[in-house]
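Let me begin by presenting the structure, written as structure tokens, before commenting on it.
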Amino acid sequence: MELSAHEIEFRRQRLAHLETLKAAGHRPYGRAFARTGPLADVRAGFAEGQAVRIAGRVAAVREMGKSIFAHVQDGTGKFQIYVQKNALGEASFAAFKAVDLGDFIGVEGELFTTRTGEPSVKVQQWELLAKALHPLPEKWHGLQDTEVRYRQRYLDLIANPDVRQVFNIRSRLLSFIRRFLEERGFFEVETPVLQAMAGGAIATPFQTFYNALGQPMYMRIAPELFLKRLLVGGYDKVFELGKNFRNEGLDRSHNPEFTSLEIYEAYGDMGTMMHLVEDLVSAAAQELYGTMRVGKAGQEPIDLTPPWRVVPYHDVVCERAGADWFQRPVAAAREWARAQGLDIPDNLNHAQVTHEVYDKLVEKTLWQPTFVTRLPAELVPLAKRCEDDPALVDVFELVVRGRELAPGYTELNDPLDQRARLAEQAAGDAAKIDEDFLRALEHGMPPAGGMGIGIDRLVMVLTGEESIRDVMLFPQMKNREPKPDEKPPEE
RNA sequence: GGAGGCGUAGCUCAGUUGGAAGAGCAACUGACUCUUAAUCAGUGGGUCGUGGGUUCGAGCCCCUCCGCCUCUACCA
């Protein structure tokens with residue numbers, strides 16, 4: 001990339017400072033530095049006059065002639081240091097003036113409190129740990145440009161402390177989920193991401209090629225079919241926490257690569273799963289926030305206190321479209337839907353019109369956690385039919401903030417029905433039927449409840465973030481096309 | 001895929017009717033031994049996303065392309 005005159009000048013200055021520091025005996029990029037502890041711990045254990053060693057990135061410098069105040073920042077917070085000429089000596093103090101914003105330094109000194117009451121370190125010795133050759137983003141407004149924030153997330157993390165909070169929550173959530181499930185006897189497993197056939201959901205997979213085997217491969221779109229093989233194999237309670245990949249568009253609730261939690265429990269059903277997810281999510285909120293009411297200030301809070309509302313698909317559609325909805329002729333249904341502003345082609349049958357109504361008019365109004373149950377069978381090929389109505393399946397969709405958060409099923413364990421429904425879905429293309437999975441089912445899979453929950457969307461619910469990109473450290477971004485006269489240099 | 005918005009200094013942003021490219025922070029020089037958005041004085045820094053067009057003259061108007069954001073569509 002071409003550098004502007006300003007960038008060239010900036011780099012020249014920083015390299016000159018680096019030379020100054022080297023001449024003063026500093027290593028430009030240091031080795032391990034034994035710290036008293038992270039900055040938050042030093043602050044928590046503050047004792048006047050105590051000797052400490054701390055390290056971090058220089059986040060602010062205020063020079064005042066023969067003394068300098070600065071802040072260093074690490075993963076836990078910031079801490080002020082006080083650098084005095086008569087404490088360091090002429091040479092060391094002069095060298096410190098070549099320290100730039102963004103550099104990493106380690107200091108040794110003693111704790112004291114300034115006149116304004118700020119805990120600080122009076123520096124006796126310091127060393128350079130790493131020189132930064134680029135400027136930090138502006139300190140007051142932070143880094144606003146969304147593109148830079150996502151493409152260079154490290155700058156976002158340095159400049160915008162709130163961003164770090166979101167990812168701390170995400171990390172603690174994952175840890176909590178593992179603890180919660182393990183305490184209940186679930187076993188964490190890992191199943192293939194690279195698959196010869198991508199099943200378990202309806203989605204376009206990413207395709208790749210395995211050279212050694214000479215065969216096409218796919219990135220998984222769901223772990224479901226492998227987890228069910230484990231039920232066949234005798235694992236009663238399993239879960240997998242991992243990435244799925246779907247070759248689709250991206251928007252603020254979809255990233256092509258996303259994290260899901262899938263859970264299966266033998267001898268259970270969808271009701272088992274409803275209780276489990278209710279307990280899991282409400283306990284997570286309690287653990288992470290100390291309350292079950294979550295969301296950003298200014299948003300309508302989400303109340304995760306159990307029990308959550310349970311409503312059949314039939315009823316929730318009738319609430320919006322009228323009690324006689326399912327008795328109306330399809331033409332009348334289409335007409336009503338169009339009057340509501342939906343785009344309904346003439347070839348949609350009644351069930352399809354109903355689903356449009358649910359998708360476009362109902363789901364987005366379900367703000368507080370709601371289990372929508374008893375969905376039409378054709379929407380869900382891997383779930384068991386309801387005992388009292390074979391046209392419906394025994395599933396729930398958990399909807400929060402108008403968005404689907406988690407589906408759960410009473411899993412289909414009848415291999416003959418499963419074959420028929422996969423065949424219907426494959427529409428005559430035998431290559432799309434996972435025979436290996438069907439063979440496993442034919443060996444007998446215990447009745448089971450299963451569910452999947454989108455971790456990214458769960459983090460969105462908990463943190464109140466509106467975009468999936470704000471809960472993923474490195475969201476998918478489009479490549480910037482190099483200009484024709486600016487080909488990457490060959491090396 | 002479609003519609004709209006945005007792209008100006010390292011960062012955050014102004015830029016009037018088409019008429020000499022600006023501010024704050026950051027940087028540099030100097031002063032200052034309790035500052036914390038330090039202060040004060042001074043200096044440097046621009047391919048106005050890209051390529052073309054209209055015009056005497058374009059940051060501004062028109063077209064192409066690139067990227068980001070929002071909506072929409074596809075997709076569960």
Have A/T191 and A/E240 got a donor and an acceptor in their side chains that come within less than 3.5 Å? yes
Could you work out the separation of B/C62 and B/U55 based on their C1' atoms and round it to a whole Å? 12 Å
Spacing between A/H141 atom NE2 and B/A23 atom P, to the nearest angstrom: 16 Å
Taking the minimum atom-to-atom distance to the side chain of A/L143, which one of B/A27, B/A76, B/C11 wins? B/C11
Please tell me if the side chains of A/I177 and A/L261 come closer than 4.5 Å, counting only heavy atoms from C-beta onward. yes
Which nucleotide in B/C68, B/C69, B/U33 has an atom nearest any side-chain atom of A/N86: B/U33
Nucleotide nearest A/E118 when distance is taken to its side chain, options B/G67, B/C75, B/U35: B/U35
Of the options B/A76, B/C28, B/C34, whose atoms approach the side-chain atoms of A/I202 most closely? B/A76
Checking B/C34, B/C74, B/C68 against the side chain of A/D251 (C-beta onward), the nearest is B/C74
Taking B/G44 as the reference, what is the distance to B/G10 when you measure between their C1' atoms (whole Å, please)? 14 Å
Report the nucleotide, chosen from B/G10, B/U12, B/U35, that has the shortest atom-to-atom distance to any side-chain atom of A/F69. B/U35
Work out how far the P atom of B/U8 is from that of B/C69, and round it to whole angstrom. 15 Å
Tell me whether the OP1 or OP2 atom of B/A38 has a side-chain N or O from A/R62 closer than 4.0 Å. yes
Could you check whether any side-chain heavy atom of A/W336 comes within less than 4.5 Å of a side-chain heavy atom of A/V353, counting everything from C-beta outward? no
Between A/E118 and A/H71, does any side-chain donor sit less than 3.5 Å from a side-chain acceptor? yes
Answer yes or no: does atom CD of A/E424 have more than 12 heavy-atom neighbours from other residues, nucleotides or ligands under 6.0 Å? no
Pairing stems for RNA chain B [at least three consecutive pairs; Watson-Crick or G-U; under 3.5 angstrom]: B:1-7 with B:66-72, B:10-13 with B:22-25, B:27-31 with B:39-43, B:51-53 with B:61-63
How long is the line joining CD of A/E248 and C1' of B/G1, in whole Å? 15 Å
In whole angstroms, the gap separating C1' of B/A37 from NZ of A/K78 amounts to 11 Å
Would A/E262 and A/Y264 count as having a side-chain donor-acceptor pair, cut-off 3.5 Å? yes
Taking atom types as they are modelled, would you say the side chain of A/Q144 forms a donor-acceptor pair with the base of B/U12 within the 3.5 Å cutoff? no
Go through B/C34, B/A26, B/C69 for me and flag the one nearest to the A/L101 side chain. B/A26
Could you check whether A/T113 and A/E48, counting side-chain N and O atoms only, form a donor-acceptor pair closer than 3.5 Å? yes
Picking from B/C11, B/A26, B/C32, which would you name as closest to the side chain of A/K139? B/A26
I want to verify a distance call: between B/U33, B/A76, B/G10, whose nearest atom is closest to the A/E7 side chain? B/G10
Output yes when at least one side-chain N/O atom of A/R151 is less than 4.0 Å from OP1 or OP2 of B/C68, else no. yes
Nearest heavy atom decides the nucleotide; on that basis, is A/R469 or A/D100 closer to the 5' end of RNA chain B? A/D100
